[in-house]
Amino acid sequence: MDYQFREIEKRWQKFWADNQTFKVDNNSEKPKYYVLDMFPYPSGAGLHVGHPLGYIASDIFARYKRLKGFNVLHPMGYDSFGLPAEQYAIQTGQHPAITTETNINRYREQLDNMGFSFDWSREVRTSDPGYYKWTQWIFMLLFNAWYNLETDKAESIDELIKKFETSGSNGLKAVSDDDVTPFSAEDWKRKSDREKQTELLKYRLTYLRESTVNWCAALGTVLANDEVKDGFSERGGYPVEQKKMMQWSMRITAYADRLLRGLDSIDWPEPLKEMQRNWIGKSVGALVRFSIDKNAFIEVFTTRVDTIFGATFLVLAPEHELVASLTTAEQKPEIEKYIEQTKKKTELDRMADTKTVSGAFTGSYALHPVTSEPIPIWIADYVLAGYGTGAVMAVPSGDQRDWLFARKFNLPIVAISDAQSDLDKQADPTKEGNYINSPLINGLGYKEATSVLIARLEELGAGKARINYRLRDAIFGRQRYWGEPVPVYFKDGLPYLIEFSELPLVLPEVDKYLPTESGEPPLARAENWKYRGELEYELSTMPGWAGSSWYWYRYMASKEDREQEVFAPEKAISYWKDVDLYIGGSEHATGHLLYSRFWNKFLKDLGYVMEEEPFKKLINQGMIQGRSNFVYRIIGEDGRGTNTFVSYGLKSEYTTTSLHVDVNIVEHEILDIEKFKASRSEFADAEFILENGKYICGVEVEKMSKSKFNVVSPDDIVERYGADTLRMYEMFLGPLEQSKPWNTNGIEGVFKFLRKFWKLFHDDDFNFLVSEEEPSKGEYKALHKIIRKVEEDIERFSFNTSVSSFMICVNELTDLKCNKRKILQDLVIVLAPYAPHITEELWTLLGNETGEISTAPYPVFNPEYLVENEFSYPVSVNGKTRMNLNISLSLSQAEVEQIILENEDLQKYLDNKSPKKIIFVKGKIVNVVV
RNA sequence: GCUCGGAUGGUGGAACUGGUAGACACGCAGGACUUAAAAUCCUGUUCGCCCUAAAGCGAGUGCGGGUUCGAUUCCCGCUCCGAGUACCA
């Protein structure tokens, strides 16, 4: 039989499902290995050919590790709460659960079609109450926790209450809201229950607070910073504005430093780590107070306290709380006008317009903390209310923005270092040279100056060293329906957790998925919610990242384990520990991957998990872009489109307009004219101007999307070439981490390879036939070359070069007409991770027990077969290639040198001079220097 | 603007710590089989020169320098492309 890929693949996929071949056990003597994919959101469009790239890579790795004797956890699930299903529900009234279920079934079908070795018994769905019960549980843990800076970890809120009871807030080192006021143990005891709860809320790791949030009116919800891109929502692209609202937040800032430090201990791509570092945005500097009068002062944050003597004015953000009280009567109109102006600017304008310098003078002055000189106070929108203290000391000689501002408003520019130059043209932020015009630090360099100054400021009570982070606490509530309900109810306006025994707090049914007329979230419509009427429930739901911030632990719980009342059994967690290899896109750098690290650290602090970091090694697979094809319609003289299309190469001779054409009717840029005519009635009688008898289409690389007719479904490829070809071809396309456009130009080559491989085991009449003969040395050499190569490639995630090596190996064996069992059996195992179906079939034909290839022993590389006695290789003289020498590897270096000296041909090139130097590389002589 | 990647034939891409650049595949050209086509197989394919052939010569990894016996690989400067980020004090 010829290579009947569809029949083989379907049969094995069924076999694996029926036999639960990839079901993994938590009790094993084998070493563990955890290979994880970022689980998908099941969208209505299904998978396109770009989605499985990472899954294929992880599947190859998982299968390889299994063959290598590891107990491999390789699960899959769905991040099934999310906006699209809800938007669809709003439009059609269909419950998001139904939409989600349908989409999941479609995803599953597509995934199964590609022969992945997932343990589906461990599947998770974030929208499943049995799952989100534990998401809610983690929320409750966070609510019941505070961050102790002394022990540098999260602790139970009961510990904090004990501290308050014994010593009040005295000596407490904790992460909290800014507005905490000190109190004694007696004060605490005198507080009412309500007051106590209000105080505790300022310490809880998830808390309710009025804060400025990103409000997206079109989506009717708030968004986290990472869900906003350039002033628009990431999902849907709707405008986002700033709004003050009472909101749930997560105190991720408590973990800022640990999140930063942890990056050094994990094997992640450097760009990704860099993104997280920037997002956390640690800056080391100082807080400095500029006093206004005896009772009031302006506090600024600066990373360059050494430039303080160059500070010639202060600038406040227009929203700064002191602006109103600082504005003098005569400056009032100007200030008000300016604030009015900045309010009108949207967030977008403000970002786009970074060149215009604008501001207004308040009329007030503050005193320089060291020199006591009066310094004018201005406001300007280049100072952000949300960062630092919302106020800066402006040093025009050292900071370009301050310099521009000083120029525009005629404020003095004072040089502070003898190394500064060109101050009339621009600011010079150099740290070189020695300070001038700086009373305390004149003559000193950067390093000493900073510590001298901070010491002095501390002495004066006017400043202190301070580390500032750009990272904000994460807004946690969403005014949406399709998410996890927050397990909280309110009493007297204060939040309380519902009882653990009431979990999961199941998402109630609603009549519509829209906010209520009074603007409350959709959950306000839920009339039959349990305890509704008794309890005033929190009406917002959790954000998309909640369910994905711990899901890898749920996979550790086997199906049986999930009956237990734990998120994952302790025993399972201590066996699997962490994810050894995580594969997914880099777009989650500042979202999912940061939140997951945060929750993981928190769970570690409370002793629920073992490791400080959840994902030891991470690989970003590149995006597969779409490759759009175009036809060119000729524009007639009347300016309207004709029904004549001109081939790409000739289009410059006409006026044309380009039209996307479905990539599925184009092959090697040649349009299938018949299919094109049939595709739409208006094209039925289209005419074509051809080149060389063909219609050549134009090409462009774009994102894969339905509207561009460039979506290629994996199902079509599987139907045509088989899953094994698809898997190998996606790997063959290029390095895993690189983004590349999809094209099928080379897929035939991979398909041919698999068929050749199949033919090795069959005679000319396609009857299975292998020889029991002892293989030759050459045959062993071909085999062991591939064993070594594939091992090396897989270990460094260079799957593309492996595919090439397989092709070389099979070509060599074909040339040798090798059909020896001893060679082929090992080759099957080495290829199995890449092409699991065909290898499983051949494994069975070879007489092995069916379905057991995944537990076969991986062949051991034997270097003996690769040693060659005679090498012929080029030898250079002074770096120029001259001639080939035959030299035995077994000779010593001295003997080789002797041969060179005696070689007449080589001597000619050496002009009979004796070589100065003979260069050996790995025992080979490569160059002779005269 | 800042940070991080990248640039190799007609195309996708190999070359692991500096050691025969262009593996492998696609495409293209020629050939075999065939009445013909498809499929399959074989040969050639970086560019230029030379050529009856065997062979030979020269250039060549975005551009310009440098280190080295030797550079796609390391260093300096530049150009272009991609990603992230953006008034962060």
Side-chain angles (χ1 to χ4, degrees), chain A residues 229-230 269-275 277-279 281-283 285 300-305 307 311 314-315 317 350-357 380-384 386-395 398-402 404-405 429 468-471 586-587 589-590 620 622-623 668-669 699 729 732-735 737-750 752-753 755-756 759 789 792-793 795-796 798 800-809 811 814 872-881 884 915-922 924-930:
Chain A
K229 293 254 151 26
D230 301 329
E270 200 48 47
L272 199 96
K273 288 200 209 176
E274 200 57 30
M275 267 191 249
R277 283 192 196 106
N278 291 337
W279 192 259
K282 180 177 183 172
S283 35
V300 304
F301 174 73
T302 177
T303 53
R304 290 294 302 274
V305 69
T307 65
L314 297 183
V315 188
R350 208 168 141 164
M351 283 196 289
D353 179 26
T354 58
K355 298 222 167 67
T356 326
V357 178
D381 65 3
Y382 80 85
V383 175
L384 304 177
Y387 183 78
T389 60
V392 304
M393 62 176 208
V395 182
D399 182 286
Q400 186 61 16
R401 288 157 308 169
D402 296 344
L404 288 168
F405 197 84
N468 207 20
Y469 295 94
R470 202 187 76 112
L471 185 72
S586 59
E587 65 272 20
T590 53
N620 289 130
M623 253 224 308
H668 294 309
E669 322 322 344
V699 186
Y729 183 59
F732 179 73
L733 218 44
E737 308 202 50
Q738 187 178 303
S739 285
K740 55 235 158 188
W742 173 261
N743 72 77
T744 42
N745 289 350
I747 200 164
E748 296 277 351
V750 174
K752 276 190 225 165
F753 153 74
R755 202 161 50 188
K756 260 192 204 168
K759 276 171 120 177
K789 181 73 165 93
E792 276 173 8
D793 284 348
E795 299 284 352
R796 61 193 172 101
S798 178
N800 54 327
T801 51
S802 284
V803 178
S804 296
S805 308
F806 278 122
M807 291 181 182
I808 296 169
C809 178
N811 282 340
T814 305
S872 174
Y873 53 81
V875 170
S876 318
V877 176
N878 285 343
K880 291 266 183 190
T881 304
N884 284 333
K916 265 190 213 145
K917 201 158 79 170
I918 298 172
I919 293 148
F920 291 85
V921 174
K922 293 173 200 154
K924 286 205 295 189
I925 158 177
V926 294
N927 194 14
V928 180
V929 184
V930 225

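First the proteins, then the strands, lettered A, B, ... as listed; each starts at 1.
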[atom1] of [X] to [atom2] of [Y]: how many Å apart, nearest 0.5 Å?
X      : Y      : atom1 : atom2 : result
A:N743 : A:Y729 : CG    : OH    : 4.0 Å
A:F753 : A:C809 : CZ    : SG    : 8.0 Å
A:K740 : A:L733 : NZ    : CG    : 5.5 Å
A:L272 : A:E587 : CG    : CD    : 10.0 Å

(Q) Both A:A391 and A:T590 contact RNA chain B. Which one's nearest nucleotide lies toward the 5' end? (A)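 With A:A391 and A:T590 compared, the 5'-side residue is A:T590.
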**Q.** Earlier contact from the 5' end, RNA chain B, for A:G749 and A:E274
**A.**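 Going by which nucleotide is closer to the 5' end, it is A:E274.
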Mind listing the closest non-hydrogen atom pair of [X] and [Y] along with its distance?
X      : Y      : result
A:A394 : A:V315 : CB-CG2, 4.1 Å
A:G390 : A:V383 : O-CG1, 3.5 Å
A:P269 : A:N620 : CG-OD1, 3.3 Å

[N] [atom2] sits how many Å from [X] [atom1], rounded?
X      : N     : atom1 : atom2 : answer
A:L471 : B:U85 : CG    : C1'   : 15 Å
A:F405 : B:A89 : CZ    : C1'   : 14 Å
A:R401 : B:C2  : CZ    : C1'   : 12 Å
A:L384 : B:U85 : CG    : P     : 17 Å
A:E737 : B:G6  : CD    : P     : 11 Å
A:Q400 : B:A86 : CD    : C1'   : 16 Å
A:R470 : B:C87 : CZ    : C1'   : 12 Å
A:Y382 : B:G1  : OH    : C1'   : 17 Å

Watson-Crick/G-U partner (both atom distances under 3.5 Å) of [N]:
N     : value
B:G1  : B:U85
B:G19 : B:C69
B:G44 : B:C28
B:C80 : B:G6
B:G56 : B:C49

Could you tell me how far [M] sits from [N] if I compare only their [atom1] atoms? Round to whole Å.
N     : M     : atom1 : value
B:C57 : B:U8  : P     : 29 Å
B:U52 : B:C47 : C1'   : 24 Å
B:G13 : B:U68 : C1'   : 29 Å
B:U85 : B:U11 : P     : 32 Å
B:A7  : B:C16 : P     : 13 Å
B:A83 : B:C76 : C1'   : 25 Å
B:G48 : B:C42 : C1'   : 28 Å
B:A71 : B:G19 : C1'   : 10 Å

At less than 4.0 Å, is any side-chain N or O atom of [X] found next to OP1 or OP2 of [N]? Yes or no.
X      : N     : value
A:N278 : B:C4  : no
A:R277 : B:C4  : no
A:Y387 : B:A89 : yes

Just the table, please: protein N/O against nucleotides 37-45 of chain B N/O, every pair under 3.5 Å.
unit_1 : atom_1 : unit_2 : atom_2 : d
B:U40  : OP1    : A:R755 : NH2    : 3.2

Using atom names, set out every protein N or O paired with an N or O of nucleotides 9-16 of chain B below 3.5 Å, distance rounded to 0.1 Å.
unit_1 : atom_1 : unit_2 : atom_2 : d
B:G12  : O2'    : A:L733 : O      : 3.0
B:G13  : OP1    : A:Q738 : NE2    : 2.6
B:A14  : OP1    : A:N800 : ND2    : 3.1

Q) Has the side chain of A:R304 got a donor or acceptor atom that lies under 3.5 Å from a matching backbone atom of A:D399? A)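 Flag not set: sc A:R304 to bb A:D399 has no pair under 3.5 Å.
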Q. Within the side chain of A:K756, is there an N or O that forms a donor-acceptor pair under 3.5 Å with the backbone of A:M807?
A.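 Answer holds: no.
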Considering only nitrogen or oxygen atoms on both sides, find all protein atoms under 3.5 Å from nucleotides 80-82 of chain B and state each distance.
none

Q | Syn/anti state for B:G9 [syn: chi within 90° of 0] | A |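 This nucleotide is in syn.
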Q: On the 0 to 90° scale, with breaks at 30° and 60°, tag the A:Y387-A:F301 ring pair as parallel, tilted or perpendicular.
A: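 Taking A:F301 first and then A:Y387, their aromatic rings stand perpendicular (interplane angle over 60°).
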Q. Where do A:T801 and A:K789 land on the side-chain contact (heavy atoms from CB on, under 4.5 Å) test, with the steps shown first?
A. CA-CA 9 Å; A:T801 51; A:K789 181 73 165 93; 3.6 Å; yes
**Q.** salt_bridge(A:R277, A:E270) N-O dist < 4.0 Å
**A.**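 Result for this pair is yes, salt bridge flagged.
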Q: For the side chain of A:I808, starting at C-beta, report the closest nucleotide among B:A89, B:U85, B:C24.
A: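 So the nucleotide nearest the side chain must be B:C24.
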Q) For A:F806 and A:V750, what are the C-alpha separation, side-chain angles and deciding distance, and is it a side-chain contact (heavy atoms from CB on, under 4.5 Å)? A) CA-CA 10 Å; A:F806 278 122; A:V750 174; over 6 Å; no
Q. For A:K759, does the NZ atom sit with more than 12 other heavy atoms under 6.0 Å from it, leaving out its own atoms?
A.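 No - once you tally the heavy atoms of other residues, nucleotides and ligands closer than 6.0 Å, there are 12 at most.
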